[in-house]
Amino acid sequence: MSTPYNPETVELSAQKFWDEAKCFEVGEDADKEKYYCLTMFPYPSGKLHMGHVRVFTINDVIARYQRLQGKHVLQPMGWDAFGMPAENAAIQRGIPPAKWTYSNIDDMRRQFKRLGYGYDWTRELTTCKPEYYRWEQWLFTRMFKKGLVYRKNSIVNWDPVDQTVLANEQVIDGRGWRSDALVERREIPQWFMKITDYADELLQELDNLPGWPEPVKIMQRNWIGRSEGVELSFDVKGEDEPLTVYTTRPDTLMGVTYMAVAAEHPLASKAAASNPEIAAFVADCKKTDAQEATLETMEKKGMPLGISAIHPLSGEEVPLWVANFVLMSYGTGAIMAVPGHDARDWEFAKKHGLPIQQVIAPVDGSTFDTDEAPYLDHGVLVNSGQYDGLDFESAFNAIADFFESNGRGRRKVNYRLRDWGVSRQRYWGAPIPIIYCDDCDAVAVPEDQLPVVLPEDVEVKGTGSPLKDMPEFVNVPCPECGKAAKRETDTFDTFVESSWYFARYACPDSNDAMLDERAAYWAPVDQYTGGIEHAILHLLYSRFFQRVMRDEGLTDVSEPFTNLLTQGMVLKDGAKMSKAKGNVVDPQALIETYGADTVRLFMMFASPPEQSLEWSDEGVQGSYRFLKRFWTAVRDHAAGGPVGTIDTGAMTDEQKELRRKTHQTIAKISDDIGRRHSFNTAVAAAMELLNAINKLTDQSEAGRAVAREALDAVVIMLSPMVPHICHTLWQTLGHETALVDERWPEVDESALELDQVEVVVQVNGKLRGRVTVPVDVSKDALQAQALADANVQRFIDGKAIRKVIVVPGRLVNIVV
RNA sequence: GCCCGGGUGGCGGAAUCGGUAGACGCAACGGACUUAAAAUCCGUUAUCCGAAAGGGUGUGCGGGUUCAAGUCCCGCCCCGGGCACCA
């Protein structure tokens with residue numbers, strides 16, 4: 001009678017063993033090949049949800065697999081602890097954000113430990129602690145001195161009722177989430193980091209990241225959005241300053257029939273000052289939130305400003321409009337409109353009765369009516385005077401040369417990427433280390449006065465930062481002149497903390513420097529795992545910060561993450577699980593019922609890691625049932641006593657077959673985990689092998705030896721997914737060593753050899769028969785045997801054979 | 001609106017380089033064991049025709065390339081993610 005599988009006992013005892021043996025605490029050992037395996041750290045929102053379990057399990061599987069390959073593996077964990085939810089909780093429950101956050105961290109850490117992840121907890125870091133954020137404050141002051149940060153006005157969502165800045169997430173259908181008031185755009189001064197200084201390098205180096213998924217690289221390329229165009233000036237009647245626009249299509253210049261500026265553009269403001277209708281329109285344009293999706297989908301509205309620009313080639317007047325779809329944050333905040341060859345300009349021209357002028361014709365000489373639709377492709381210039389007949393490239397160069405020679409324009413590389421606004425008008429974040437002095441302007445807090453510590457004992461009301469009401473925080477002497485000055489009360493975007501934490505895990509206790517020599521050992525991260533929703537912002541900011549740290553002399557490494565795995569979302573009812581949507585599934589109950597191994601196994605088995613996973617409670621049972629069968633199979637086998645040795649020269653067909661299956665499975669799972677990250681098929685292959693072991697009837701010593709080899713392999717290969725049960729079963733199989741210190745099994749190529757192979761026979765591509773032939777059969781013999789098949793004969797009978805395709809070892813296709 | 005994914009049985013998914021569509025599991029159904037239930041074990045299960053052998057259809061929709069298409073190309077539809085202040 002076998003001991004039944006009790007997950008809780010098994011799991012707690014394995015965890016105790018790992019803890020006491022300090023299995024996952026790693027130092028810097030120069031003799032060993034390091035492998036830094038990292039997960040995007042969690043925001044401590046309260047409890048673990050299924051998305052967490054998925055991503056952390058994926059990474060733990062890779063970490064444990066690499067350790068079994070003999071690598072020196074670091075897998076750390078920490079907390080992305082600043083953020084809005086803590087302020088919301090504080091408003092709702094009256095608990096200070098810090099207290100709420102630390103309590104969540106304690107709960108989540110307990111859950112992590114219960115799931116058996118192989119973390120080095122001695123390196124745990126928490127971003128809301130001054131010993132962490134002091135170093136990003138320090139780096140900011142270094143960037144300030146280098147001119148890599150600057151202050152400028154930029155647009156935020158303004159809630160006119162609560163008198164506060166709203167995050168995009170707090171804007172629901174254009175209204176403030178608490179006040180329900182219509183949100184407005186407002187300009188306030190904010191700090192920016194010059195990520196655009198690195199735009200070219202960030203773009204170029206994507207080509208040297210073979211370990212990144214192609215879609216992520218494409219998204220980053222598009223986000224950076226490098227374009228080659230021309231910046232050119234149009235004189236404006238009655239204005240001293242010309243109006244500058246940027247275009248990637250100078251070849252369409254003669255098709256300009258109007259121009260448009262953003263509502264925030266100085267020319268619009270000037271016109272509004274003397275015309276109440278324009279003033280009303282401009283004010284109306286600002287009555288919308290600042291999200292790009294809103295601006296791009298809203299109805300395109302505009303109004304003539306009553307002034308004209310002078311076309312720089314024709315000298316004709318073109319009307320100047322203000323339009324809501326022109327964005328102040330892109331380019332110069334003004335556009336030249338070519339409705340004949342631009343979709344948006346065309347739509348706007350149709351709506352407002354503006355002329356459409358065709359200046360590009362298809363290369364093949366066909367006609368195209370730009371009155372029916374805009375012609376967007378490159379082509380040949382028409383109606384463009386001296387430029388007629390030129391193709392895109394010659395026209396581009398001719399026009400660019402013309403503008404450069406008369407000093408009215410220049411070739412320019414433009415980026416869609418904008419500088420990173422890091423100011424947040426919120427309390428629960430790292431204070432921006434700046435002091436404003438009437439005489440000295442903005443002054444960086446000197447190094448010896450860092451960190452600027454965020455007071456933790458506060459009351460959050462939801463209308464502006466409580467820091468503003470704390471004179472002891474705000475009122476400080478100017479570090480330069482000593483006069484009374486005021487501290488910045490804005491805090492950093494929380495993306496600042498997550499842009500360098502991966503480097504800090506190497507030396508979380510370093511009090512003398514942001515990074516020390518230990519970082520040189522561990523950097524870069526070998527494997528980074530996290531949600532696809534971070535494909536652009538977090539990953540791009542981290543690549544930027546890594547370079548800023550490099551240029552500050554802190555590291556030699558330019559790219560922070562060598563290999564990237566972007567895991568799909570865990571969806572519930574078709575949408576991302578989030579607190580805001582209230583569709584979060586709590587894994588705790590499942591862990592209590594079935595144990596951590598079952599939950600881990602199900603997560604890995606349910607779908608491939610890169611795809612989204614629609615959560616369903618069913619199916620977990622199946623994983624549990626499998627672990628029970630696994631447990632019983634190993635214990636029953638072990639109860640049979642000692643096994644013989646494998647004599648490859650004297651095996652029965654049944655033994656050979658199981659042994660072949662064992663080594664095929666080792667090859668498959670190694671590839672599935674190591675190269676493909678296809679954990680679901682790895683689990684399926686292990687299940688198949690266990691089914692084959694259970695079917696083995698041969699109870700002889702030789703037969704049991706083959707079964708033992710198979711079971712040893714299954715136990716090791718499943719251990720990355722279900723480490724607890726495997727830890728115990730490894731002992732059950734009589735091994736004295738700890739499974740975590742074992743090595744991955746090797747494929748015995750000779751076990752894979754086959755005598756016969758089944759080949760499919762098709763007639764006109766349809767399956768009509770199968771023939772079994774020796775593996776080394778000649779093409780001719782294979783073809784002859786395929787043609788002889790009775791069912792195949794029925795389909796080719798009386799017809800002329802036109803062609804026969806023979807794919808050795810796979811199929812024969814007879815075309816009649 | 002723009003950028004990136006995805007769509008295969010009742011369900012999750014497999015098919016890795018253009019070569020047997022549906023591995024593995026869930027659910028369901030039938031059977032064994034049991035006084036009974038649970039658990040466990042054995043079997044069936046894309047769909048239609050057929051007693052069977054076998055055949056027709058079938059990977060979101062419409063076209064195309066190919067001896068051969070879930071896989072490649074063109075045009076759509078639907079779902080998910082991102083769009084710079086959610087993290």
Side-chain angles (χ1 to χ4, degrees), chain A residues 4 40 42-43 45 80 82-85 156-157 165-171 190 213-216 218-219 221-223 225 290-298 300 325 329 343-344 416-426 493-495 498 531-538 540-541 566 568-569 571 574-576 578-580 602 605-608 610-614 616 618-623 625-626 628-629 632 668 671-672 675-676 678 680-681 683-688 691 758-768 770 791 794 802-805 807 810-811 813-815:
Chain A
M40 291 178 190
Y43 176 78
S45 55
D80 189 13
F82 278 133
M84 238 174 24
V156 293
N157 300 305
V165 175
L166 296 179
N168 282 338
E169 197 194 41
Q170 296 172 313
V171 179
Q190 310 207 62
E214 206 52 48
V216 174
I218 294 170
M219 280 191 269
R221 275 188 204 107
N222 292 339
W223 185 263
Q291 299 181 64
E292 180 169 319
T294 308
L295 300 168
E296 291 278 340
T297 51
M298 68 191 177
K300 309 220 173 344
F325 62 88
S329 49
R344 207 168 46 179
R416 208 187 70 96
L417 179 71
R418 309 199 294 259
D419 278 336
W420 178 13
V422 293
S423 296
R424 295 294 179 272
Q425 297 70 45
R426 267 183 270 288
D493 177 3
T494 59
F495 272 124
S498 57
I532 184 68
E533 68 272 23
H534 294 293
I536 297 173
L537 293 180
H538 162 62
L540 194 62
Y541 292 150
T566 47
M569 321 273 307
L571 308 178
K576 171 179 170 178
S578 74
K579 276 203 133 177
F602 176 66
F605 184 52
S607 77
E610 308 218 69
Q611 276 180 34
S612 59
L613 184 156
E614 169 68 34
S616 113
E618 297 156 3
V620 182
Q621 278 274 356
S623 295
R625 212 156 27 220
F626 170 75
K628 282 198 285 188
R629 270 191 292 137
T632 308
K668 170 149 181 69
D671 188 48
D672 278 355
R675 178 181 65 90
R676 295 210 298 150
S678 175
N680 53 330
T681 55
V683 173
M687 286 174 169
E688 277 190 65
N691 289 344
E758 192 184 67
V759 171
V760 163
V761 186
Q762 298 179 332
V763 178
N764 289 341
K766 284 190 188 285
L767 175 65
R768 297 303 180 191
R770 297 159 202 272
N791 199 47
R794 281 180 48 210
R802 294 197 299 157
K803 196 172 180 182
V804 180
I805 286 114
V807 184
R810 277 209 179 266
L811 65 68
N813 188 12
I814 301 155
V815 186

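Numbered from 1 within each chain, the chains take letters A, B, ... in sequence-line order. Keep in mind that the numbers below use all heavy atoms, side chains included, and drop hydrogens, waters and symmetry copies.
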Subject >> Separation of the P atoms in B:G6 and B:A15, to the nearest angstrom >> reply: 14 Å
**OP:** For the side chain of A:Lys803, starting at C-beta, report the closest nucleotide among B:C67, B:G25, B:A39.
**Re:** B:C67
**OP:** Please determine, for the side chain of A:Glu533, which listed nucleotide (B:C83, B:C85, B:G81) has the closest atom?
**Re:** B:G81
Subject >> Intra- and interstrand pairs of RNA chain B - dot-bracket, Watson-Crick/G-U under 3.5 Å, | marks other strand >> reply: (((((((..(((......[....))).(((((.......))))).((((....))))..(((((..]....))))))))))))....
Subject >> nucleotides 13-24 of chain B: protein proximity per nucleotide (B base, S sugar-phosphate only, - neither; heavy atom, under 4.0 Å) >> reply: SSSB--BB--BB
Original post:
So what does A:Val156 hit on the nucleic acid, given a heavy-atom distance under 4.0 Å: a base, only sugar-phosphate, or nothing?
Top reply: base
Original post:
Which atom names give the shortest non-hydrogen contact between A:Met219 and A:Ile532, and what distance separates them?
Top reply: CE-CD1, 4.1 Å
Original post:
Looking for any heavy atom pair under 4.0 Å, which part of the strands does A:Trp223 touch: base, sugar-phosphate only, or nothing?
Top reply: base
**OP:** For B:U34 versus B:C41, give the span between their C1' atoms, rounded off to a whole number of Å.
**Re:** 13 Å
Subject >> Residue A:Lys628, side-chain atoms from C-beta onward, closest of B:G1, B:C85, B:U40 >> reply: B:U40
Original post:
Salt bridge check: are A:Arg221 and A:Glu214 linked by an N-O gap of less than 4.0 Å?
Top reply: yes
**OP:** Find which nucleotide of RNA chain B each of A:Gly622 and A:Met219 is nearest to by heavy atoms, and output the residue with the more 5' nucleotide.
**Re:** A:Met219
Subject >> Length of the CD-C1' vector between A:Gln621 and B:A28, whole Å >> reply: 15 Å
**OP:** Whole angstrom is fine here: how far is it from CG in A:Asn222 over to P in B:C2?
**Re:** 13 Å
Subject >> Closest to the A:Met569 side chain, choosing from B:G81, B:G25, B:C85 >> reply: B:G81
Original post:
Side-chain N or O of A:Arg625 less than 4.0 angstrom from OP1 or OP2 on B:C26?
Top reply: yes
Subject >> Whether A:His534 and A:Phe495 hold their rings parallel, tilted or perpendicular, with breakpoints at 30° and 60° >> reply: perpendicular
**OP:** Provide the distance between the two P atoms, one in B:A69 and one in B:G60, to the nearest whole Å.
**Re:** 15 Å
**OP:** Classify the nucleic acid contact of A:Val620 as base, sugar-phosphate or nothing, counting any heavy atom under 4.0 Å across all strands shown.
**Re:** nothing
Original post:
When rounded to the nearest Å, what value does the distance between C1' atoms of B:G9 and B:U45 take?
Top reply: 10 Å
Original post:
Heavy atoms under 4.0 Å, any strand shown: does A:Arg221 hit a base, just sugar-phosphate, or nothing?
Top reply: nothing
**OP:** Output the single nucleotide from B:G54, B:G5, B:C85 whose closest atom is nearest the side chain of A:Asn791.
**Re:** B:G54
**OP:** Assign A:Gly421 to base, sugar-phosphate, or nothing according to its heavy-atom contacts below 4.0 angstrom with the strands shown.
**Re:** sugar-phosphate
Original post:
Shortest non-hydrogen contact from A:Asp80 to A:Tyr43?
Top reply: O-CD1, 2.9 Å
**OP:** Quote, to the nearest angstrom, the C1' distance that separates B:G22 from B:G10.
**Re:** 14 Å
**OP:** For nucleotides B:G18 and B:C86, find the distance between their P atoms and express it as a whole number of Å.
**Re:** 40 Å
Original post:
Are side-chain heavy atoms of A:Val171 and A:Gln291 found at a separation under 4.5 Å?
Top reply: yes
**OP:** Rounded to whole angstrom, note down the C1' distance from B:U8 over to B:U71.
**Re:** 12 Å
Subject >> Which residue lies more 5' along RNA chain B, comparing A:Ile532 with A:Arg794 via nearest heavy atoms >> reply: A:Arg794
Original post:
With A:Thr494, which residues qualify under side-chain contact (heavy atoms from CB on, under 4.5 Å), at least two apart?
Top reply: A:Phe82, A:Glu497
**OP:** Remember a base hit wins even if backbone is also touched, and classify A:His538 as base, sugar-phosphate or nothing at under 4.0 Å, heavy atoms.
**Re:** nothing
Subject >> Heavy-atom pair with the smallest gap, counting every atom of A:Asn791 and A:Arg768 >> reply: ND2-O, 2.7 Å
Original post:
Out of B:A84, B:C85, B:A87, which has the shortest distance to the side chain of A:Asn157?
Top reply: B:C85
Original post:
Looking at A:Gly531 and A:Met40, what are the two nearest heavy atoms and their distance?
Top reply: N-SD, 3.8 Å
Original post:
Which heavy-atom pair separates A:Ala535 from A:Val216 by the least distance, and what is that distance?
Top reply: O-CG1, 3.7 Å
Subject >> Assigned glycosidic conformation for B:G62 [threshold 90° from 0] >> reply: anti
**OP:** Quote, to the nearest angstrom, the P distance that separates B:G31 from B:A21.
**Re:** 34 Å
**OP:** Grab the CD-C1' distance between A:Glu610 and B:G82 for me, whole Å please.
**Re:** 16 Å
Subject >> Heavy-atom pair with the smallest gap, counting every atom of A:Ser612 and A:Ser607 >> reply: O-OG, 4.2 Å
**OP:** Please check if any side-chain donor atom of A:Arg629 sits under 3.5 Å from a side-chain acceptor atom of A:Asn691, or the reverse.
**Re:** yes
